[in-house]
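Data block below; observations after.
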Amino acid sequence: MSSRNVSVVVTGCGAGIGEATLRCLLQAGYYVVGIEREPALGRRAETLLNDRGRVLIGDVKDRNLLSQAATHARKAAPLHGWVNNAAIEALGALHELEPPGLEAQLAVDLLAFIWGSQVAVRTFMDQRSAGSIVNVSSVHGRRGYPDWATYDIAKGGIDALTRYIAVEYGPAGIRANGVAPGSVRTQMHKRFVDATPDPAATEHDMAGVIPLRRIADPDEIGKVITFLLSDSASYLTGQTIAVDGGTSVAGGVFQPHEDLLARYASLSRQPAREDA
(Lines give C-alpha, C1' and ligand atoms only; values in the text may rest on other atoms or scores of the structure.)
Protein backbone atom coordinates (compact mmCIF):
# COMPACT_ATOMS: atom_id res chain seq x y z
CA MET A 1 0.00 0.00 0.00
CA SER A 2 1.37 3.40 -0.96
CA SER A 3 1.85 5.77 1.97
CA ARG A 4 0.52 8.58 -0.22
CA ASN A 5 -2.94 7.04 -0.23
CA VAL A 6 -3.40 6.53 3.52
CA SER A 7 -3.47 8.51 6.76
CA VAL A 8 -1.94 8.26 10.23
CA VAL A 9 -2.90 9.80 13.59
CA VAL A 10 -0.13 10.91 15.97
CA THR A 11 -0.83 12.03 19.54
CA GLY A 12 1.41 14.57 21.24
CA CYS A 13 2.65 15.79 17.86
CA GLY A 14 3.92 19.22 18.85
CA ALA A 15 7.36 18.45 20.25
CA GLY A 16 9.93 15.78 20.91
CA ILE A 17 9.27 12.29 19.58
CA GLY A 18 5.80 13.26 18.38
CA GLU A 19 7.03 16.14 16.25
CA ALA A 20 9.92 14.05 14.90
CA THR A 21 7.47 11.29 13.98
CA LEU A 22 5.22 13.79 12.23
CA ARG A 23 8.17 15.00 10.16
CA CYS A 24 9.23 11.45 9.26
CA LEU A 25 5.70 10.48 8.25
CA LEU A 26 5.35 13.57 6.07
CA GLN A 27 8.63 12.74 4.37
CA ALA A 28 7.31 9.22 3.74
CA GLY A 29 4.21 10.68 2.11
CA TYR A 30 1.48 10.00 4.67
CA TYR A 31 -1.44 12.32 5.42
CA VAL A 32 -1.08 13.06 9.15
CA VAL A 33 -3.63 14.14 11.75
CA GLY A 34 -1.94 15.25 14.94
CA ILE A 35 -3.29 15.82 18.44
CA GLU A 36 -1.54 18.38 20.63
CA ARG A 37 -2.51 19.79 24.03
CA GLU A 38 -0.47 23.01 23.80
CA PRO A 39 -1.99 25.46 21.25
CA ALA A 40 1.33 27.11 20.36
CA LEU A 41 3.00 23.76 19.69
CA GLY A 42 -0.04 22.62 17.73
CA ARG A 43 0.03 25.68 15.50
CA ARG A 44 3.73 25.19 14.84
CA ALA A 45 3.15 21.55 13.92
CA GLU A 46 0.34 22.50 11.58
CA THR A 47 2.65 24.81 9.63
CA LEU A 48 4.82 21.78 8.94
CA LEU A 49 1.87 19.83 7.60
CA ASN A 50 0.80 22.36 4.98
CA ASP A 51 -1.89 20.57 2.96
CA ARG A 52 -0.76 17.10 4.06
CA GLY A 53 -2.58 17.05 7.38
CA ARG A 54 -4.01 18.98 10.27
CA VAL A 55 -3.62 19.30 14.04
CA LEU A 56 -6.44 19.06 16.58
CA ILE A 57 -5.87 21.00 19.79
CA GLY A 58 -6.95 19.17 22.91
CA ASP A 59 -6.19 16.56 25.53
CA VAL A 60 -5.76 12.87 24.74
CA LYS A 61 -7.85 12.12 27.83
CA ASP A 62 -10.83 13.30 25.75
CA ARG A 63 -12.16 10.19 24.00
CA ASN A 64 -14.32 12.32 21.71
CA LEU A 65 -11.21 14.09 20.48
CA LEU A 66 -9.59 10.75 19.66
CA SER A 67 -12.64 9.80 17.62
CA GLN A 68 -12.58 13.16 15.86
CA ALA A 69 -8.96 12.57 14.88
CA ALA A 70 -9.88 9.27 13.23
CA THR A 71 -12.80 10.92 11.43
CA HIS A 72 -10.63 13.74 10.07
CA ALA A 73 -8.00 11.25 8.95
CA ARG A 74 -10.55 9.10 7.11
CA LYS A 75 -11.95 12.11 5.28
CA ALA A 76 -8.55 12.60 3.68
CA ALA A 77 -7.57 8.95 3.15
CA PRO A 78 -8.21 5.55 4.73
CA LEU A 79 -6.71 5.28 8.21
CA HIS A 80 -3.61 3.11 8.04
CA GLY A 81 -1.76 3.88 11.26
CA TRP A 82 -2.11 5.23 14.79
CA VAL A 83 0.76 6.40 16.99
CA ASN A 84 0.06 6.69 20.73
CA ASN A 85 2.81 9.01 21.93
CA ALA A 86 1.52 11.75 24.27
CA ALA A 87 2.71 11.35 27.84
CA ILE A 88 3.38 13.29 31.03
CA GLU A 89 5.89 12.68 33.78
CA ALA A 90 5.62 13.01 37.54
CA LEU A 91 8.21 11.69 39.95
CA GLY A 92 7.24 9.81 43.08
CA ALA A 93 7.89 6.56 44.90
CA LEU A 94 5.08 4.09 45.57
CA HIS A 95 4.90 4.97 49.28
CA GLU A 96 4.40 8.65 48.37
CA LEU A 97 1.60 8.29 45.80
CA GLU A 98 -1.83 9.82 46.35
CA PRO A 99 -4.94 9.03 44.26
CA PRO A 100 -5.30 12.39 42.43
CA GLY A 101 -1.74 12.41 41.08
CA LEU A 102 -1.71 8.72 40.27
CA GLU A 103 -5.04 8.84 38.45
CA ALA A 104 -4.13 12.00 36.51
CA GLN A 105 -0.89 10.48 35.23
CA LEU A 106 -2.39 7.09 34.36
CA ALA A 107 -5.20 8.85 32.47
CA VAL A 108 -2.61 10.17 29.99
CA ASP A 109 0.22 7.64 30.20
CA LEU A 110 -1.90 4.47 30.01
CA LEU A 111 -5.64 5.00 29.56
CA ALA A 112 -5.24 7.34 26.59
CA PHE A 113 -3.17 4.62 24.90
CA ILE A 114 -6.01 2.15 25.50
CA TRP A 115 -8.71 4.48 24.18
CA GLY A 116 -6.60 5.59 21.23
CA SER A 117 -5.96 1.97 20.32
CA GLN A 118 -9.67 1.25 20.62
CA VAL A 119 -10.52 4.04 18.18
CA ALA A 120 -7.86 2.79 15.76
CA VAL A 121 -9.04 -0.83 15.92
CA ARG A 122 -12.68 0.13 15.47
CA THR A 123 -11.79 2.31 12.49
CA PHE A 124 -9.71 -0.42 10.83
CA MET A 125 -12.55 -2.90 11.32
CA ASP A 126 -15.13 -0.44 10.00
CA GLN A 127 -12.98 0.13 6.93
CA ARG A 128 -12.49 -3.65 6.61
CA SER A 129 -8.82 -2.92 6.25
CA ALA A 130 -5.53 -3.87 7.83
CA GLY A 131 -3.82 -1.30 10.03
CA SER A 132 -0.86 -0.65 12.27
CA ILE A 133 -0.64 0.76 15.80
CA VAL A 134 2.62 1.95 17.33
CA ASN A 135 2.79 2.66 21.05
CA VAL A 136 5.62 4.79 22.42
CA SER A 137 6.72 2.92 25.51
CA SER A 138 10.06 3.31 27.31
CA VAL A 139 12.94 1.48 28.92
CA HIS A 140 10.81 2.11 32.02
CA GLY A 141 8.50 -0.63 30.76
CA ARG A 142 11.18 -3.28 31.23
CA ARG A 143 13.33 -1.86 34.04
CA GLY A 144 12.52 -0.32 37.40
CA TYR A 145 13.73 3.19 38.23
CA PRO A 146 13.61 4.74 41.73
CA ASP A 147 11.09 7.60 42.02
CA TRP A 148 9.29 6.72 38.77
CA ALA A 149 6.57 4.44 40.16
CA THR A 150 3.58 5.54 38.09
CA TYR A 151 5.56 6.04 34.89
CA ASP A 152 7.13 2.58 35.20
CA ILE A 153 3.71 1.02 35.82
CA ALA A 154 2.14 2.81 32.86
CA LYS A 155 4.89 1.84 30.43
CA GLY A 156 4.72 -1.79 31.54
CA GLY A 157 0.99 -1.67 30.87
CA ILE A 158 1.60 -0.22 27.40
CA ASP A 159 3.88 -3.14 26.55
CA ALA A 160 1.13 -5.55 27.65
CA LEU A 161 -1.46 -3.62 25.61
CA THR A 162 0.76 -3.94 22.53
CA ARG A 163 1.03 -7.71 22.91
CA TYR A 164 -2.71 -8.06 23.52
CA ILE A 165 -3.71 -6.09 20.40
CA ALA A 166 -1.34 -8.14 18.26
CA VAL A 167 -2.88 -11.41 19.43
CA GLU A 168 -6.54 -10.35 19.47
CA TYR A 169 -6.64 -8.49 16.18
CA GLY A 170 -3.88 -10.15 14.17
CA PRO A 171 -6.43 -12.33 12.35
CA ALA A 172 -8.00 -9.08 11.04
CA GLY A 173 -4.65 -7.93 9.65
CA ILE A 174 -4.08 -5.41 12.44
CA ARG A 175 -0.53 -5.12 13.73
CA ALA A 176 0.64 -3.54 16.99
CA ASN A 177 4.21 -2.76 17.96
CA GLY A 178 5.98 -0.48 20.37
CA VAL A 179 9.19 1.46 20.64
CA ALA A 180 10.96 1.73 23.97
CA PRO A 181 13.29 4.73 23.95
CA GLY A 182 15.82 5.46 26.62
CA SER A 183 17.10 8.99 27.12
CA VAL A 184 15.95 11.26 24.28
CA ARG A 185 16.47 15.00 23.85
CA THR A 186 12.85 16.01 24.43
CA GLN A 187 11.23 18.70 26.55
CA MET A 188 10.52 16.07 29.18
CA HIS A 189 14.20 15.12 29.26
CA LYS A 190 15.25 18.78 29.51
CA ARG A 191 12.86 19.48 32.39
CA PHE A 192 14.16 16.48 34.30
CA VAL A 193 17.82 17.37 33.77
CA ASP A 194 17.36 21.08 34.50
CA ALA A 195 15.65 20.28 37.81
CA THR A 196 18.76 18.54 39.13
CA PRO A 197 21.45 20.40 41.14
CA ASP A 198 24.05 20.03 38.37
CA PRO A 199 22.38 19.58 34.95
CA ALA A 200 25.68 19.18 33.09
CA ALA A 201 26.81 16.42 35.44
CA THR A 202 23.41 14.75 35.22
CA GLU A 203 23.53 14.75 31.42
CA HIS A 204 27.07 13.35 31.50
CA ASP A 205 26.08 10.60 33.93
CA MET A 206 22.98 9.68 31.92
CA ALA A 207 25.02 9.32 28.74
CA GLY A 208 27.66 7.38 30.66
CA VAL A 209 25.37 4.39 31.34
CA ILE A 210 24.37 4.13 27.65
CA PRO A 211 26.63 1.83 25.62
CA LEU A 212 26.56 4.28 22.67
CA ARG A 213 27.53 7.03 25.15
CA ARG A 214 25.08 9.66 23.94
CA ILE A 215 21.47 10.82 24.31
CA ALA A 216 19.21 10.02 21.36
CA ASP A 217 17.78 12.63 19.00
CA PRO A 218 13.97 12.43 18.59
CA ASP A 219 14.19 11.71 14.87
CA GLU A 220 16.07 8.49 15.65
CA ILE A 221 12.89 7.28 17.34
CA GLY A 222 10.59 8.76 14.70
CA LYS A 223 12.35 6.81 11.94
CA VAL A 224 11.74 3.51 13.74
CA ILE A 225 8.07 4.39 14.30
CA THR A 226 7.70 5.18 10.60
CA PHE A 227 9.28 1.84 9.72
CA LEU A 228 6.89 -0.03 12.03
CA LEU A 229 3.90 1.62 10.35
CA SER A 230 5.16 0.75 6.88
CA ASP A 231 4.69 -2.33 4.74
CA SER A 232 8.39 -3.05 5.26
CA ALA A 233 7.36 -4.25 8.74
CA SER A 234 4.38 -6.25 7.44
CA TYR A 235 5.27 -9.43 9.39
CA LEU A 236 6.33 -7.69 12.59
CA THR A 237 3.74 -7.50 15.38
CA GLY A 238 3.47 -7.77 19.14
CA GLN A 239 7.00 -6.48 19.69
CA THR A 240 8.30 -3.56 21.72
CA ILE A 241 11.64 -2.60 20.24
CA ALA A 242 14.22 -0.98 22.50
CA VAL A 243 15.55 2.08 20.67
CA ASP A 244 17.79 3.05 23.54
CA GLY A 245 21.43 2.91 22.50
CA GLY A 246 21.80 -0.34 24.43
CA THR A 247 20.53 0.99 27.77
CA SER A 248 18.21 -1.94 28.45
CA VAL A 249 20.96 -4.52 28.00
CA ALA A 250 23.53 -2.65 30.10
CA GLY A 251 23.88 -2.61 33.87
CA GLY A 252 23.27 1.03 34.75
CA VAL A 253 23.57 2.20 38.36
CA PHE A 254 20.67 4.19 39.83
CA GLN A 255 20.43 5.94 43.16
CA PRO A 256 17.85 4.49 45.58
CA HIS A 257 15.16 6.70 47.09
CA GLU A 258 16.57 8.89 49.88
CA ASP A 259 13.93 7.78 52.41
CA LEU A 260 14.88 4.17 51.82
CA LEU A 261 18.57 4.94 52.21
CA ALA A 262 17.87 6.66 55.52
CA ARG A 263 15.71 3.76 56.71
CA TYR A 264 18.36 1.23 55.71
CA ALA A 265 21.03 3.20 57.55
CA SER A 266 18.93 3.31 60.73
CA LEU A 267 18.22 -0.41 60.55
CA SER A 268 21.85 -1.25 59.98
CA ARG A 269 22.77 0.57 63.21
CA GLN A 270 20.38 -1.53 65.28
CA PRO A 271 21.81 -4.60 67.04
CA ALA A 272 20.88 -7.93 65.56
CA ARG A 273 17.88 -9.55 67.24
CA GLU A 274 18.53 -12.70 69.19
CA ASP A 275 15.57 -15.09 69.24
CA ALA A 276 14.90 -16.77 72.56
- Message: Just so I know, are the side chains of T196 and P199 near enough to count as touching, which here means a heavy-atom distance under 4.5 Å?
- Response: yes
- So CG of N177 and CD1 of I241: to nearest 0.5 Å the spacing works out to 6.0 Å
- Message: Please list all pairs meeting salt bridge (charged side-chain N to carboxylate O under 4.0 Å, His left out) that have one or both residues in residues 55-67, counting only residues at least two apart or in different chains.
- Response: D59-K61
- Message: If I take atom CG from residue L65 and atom CG from residue L56, how far apart are they, to the nearest 0.5 angstrom?
- Response: 5.5 Å
- So if you build clusters from Ile, Leu, Val, Met, Phe, Trp, Tyr with side-chain heavy-atom gaps below 4.5 Å, do I133 and V167 land together? no
- Note on the structure: Minimal heavy-atom distance between E96 and G92, with the atoms involved, is OE1-CA, 3.6 Å
- Taking only residues two or more places apart in sequence or in another chain, which ones pass salt bridge (Lys or Arg N to Asp or Glu O under 4.0 Å) with E89? R191
- Item | Within-4.5 Å side-chain heavy-atom neighbours: I17 and I225 | yes
- Does W148 have any ring-ring contact (aromatic ring centres under 6.0 Å, His included) partners at least two apart in sequence or in another chain, and if so, which? H140, Y151, F192
- Task: Return the minimal non-hydrogen interatomic distance between A166 and T237, and the atom names on each side.
- Result: CB-OG1, 3.3 Å
- Message: Suppose the criterion is salt bridge (charged side-chain N to carboxylate O under 4.0 Å, His left out): which pairs have a residue in residues 29-51, not counting sequence neighbours?
- Response: E19-R44
- Side-chain donor/acceptor of R143 to backbone N/O of T247, under 3.5 Å: yes
- Query: Taking only residues two or more places apart in sequence or in another chain, which ones pass side-chain contact (heavy atoms from CB on, under 4.5 Å) with D126?
  - Reply: R74
- Task: Not counting sequence neighbours, list each pair that qualifies as a salt bridge (charged side-chain N to carboxylate O under 4.0 Å, His left out) and has a residue in residues 127-140.
- Result: none
- salt bridge (charged side-chain N to carboxylate O under 4.0 Å, His left out) contacts touching residues 107-116 (sequence neighbours left out): none
- Task: Tell me whether I88 is reachable from L41 by hopping between hydrophobic residues (I, L, V, M, F, W, Y) whose side-chain heavy atoms are closer than 4.5 Å.
- Result: no
- Message: Tell me if a side-chain donor or acceptor on T186 pairs with a main-chain N or O of H189 at a distance below 3.5 Å.
- Response: yes
- Can you pull the side-chain hydrogen bond (donor to acceptor under 3.5 Å, both in side chains) pairs that have at least one residue in residues 204-216, sequence neighbours excluded? R214-E220
- Task: Verify, without hydrogens or angle tests, whether H80 (side chain) and L229 (backbone) share a donor-acceptor contact under 3.5 angstrom.
- Result: yes
- Item | Pair listing, ring pair (Phe, Tyr, Trp, His ring centres under 6.0 Å) test, anchored in residues 205-233, at least two apart | none
- Query: Does any non-hydrogen side-chain atom of I215 lie less than 4.5 Å from one of M206?
  - Reply: yes
- Message: Is it the case that the side chain of N85 and the backbone of G12 share a donor-acceptor pair, with hydrogens and angles ignored and the cut-off at 3.5 Å?
- Response: yes
- Query: Under 4.5 Å between side-chain heavy atoms, hopping through other hydrophobics if needed: is there a path connecting I153 to Y164?
  - Reply: no
- Message: Could you measure the distance from the NZ atom of K155 to the CG atom of L110? Nearest 0.5 Å is fine.
- Response: 9.5 Å
- Message: Could you work out, with salt bridge (Lys or Arg N to Asp or Glu O under 4.0 Å) as the rule, every residue matching D198, not counting sequence neighbours?
- Response: none
- Look at the side chain of R54 and the backbone N and O of H72, then say whether any donor-acceptor pair between them is shorter than 3.5 Å. no
- For the residue pair L79 and A120, what are the closest heavy atoms and their distance? CD2-CA, 4.4 Å
- Is it true that a side-chain atom of S7 and a backbone atom of V32 form a donor plus acceptor pair closer than 3.5 Å? no
Residues 178-185, side-chain donor-acceptor partners within the protein, below 3.5 Å, at least two apart:
| from | atom 1 | to | atom 2 | distance (Å) |
| --- | --- | --- | --- | --- |
| R185 | NH1 | E203 | OE2 | 2.3 |
| R185 | NH2 | E203 | OE2 | 3.0 |

- Which atom pair, heavy atoms only, marks the closest approach of C13 to G34? SG-CA, 3.6 Å
- Query: Does S137 use its side chain to pair, donor to acceptor, with the backbone of D159 at less than 3.5 Å?
  - Reply: no
- Taking only residues two or more places apart in sequence or in another chain, which ones pass side-chain contact (heavy atoms from CB on, under 4.5 Å) with L161? F113, I114, S117, N135, I165
- Message: So W82 and T11, do their side chains get closer than 4.5 Å, heavy atoms only?
- Response: yes
- Message: I'd like to know if the side chain of R122 reaches the main chain of S67, judged simply by a donor and an acceptor atom lying under 3.5 Å from each other, with no hydrogens or angles considered.
- Response: no
- Main-chain N/O of G116 paired with N84 side-chain donor or acceptor, under 3.5 Å: no
- Query: What's the spacing between L49 CG and T47 OG1 if we round to 0.5 Å?
  - Reply: 8.0 Å
- So which heavy atom on G16 is nearest to which on P218, and how close? O-CB, 3.6 Å
- Message: If you apply the rule side-chain contact (heavy atoms from CB on, under 4.5 Å), what do you find for I174 with M125, and how did you get there?
- Response: CA-CA 9 Å; I174 297 171; M125 294 175 71; 4.3 Å; yes
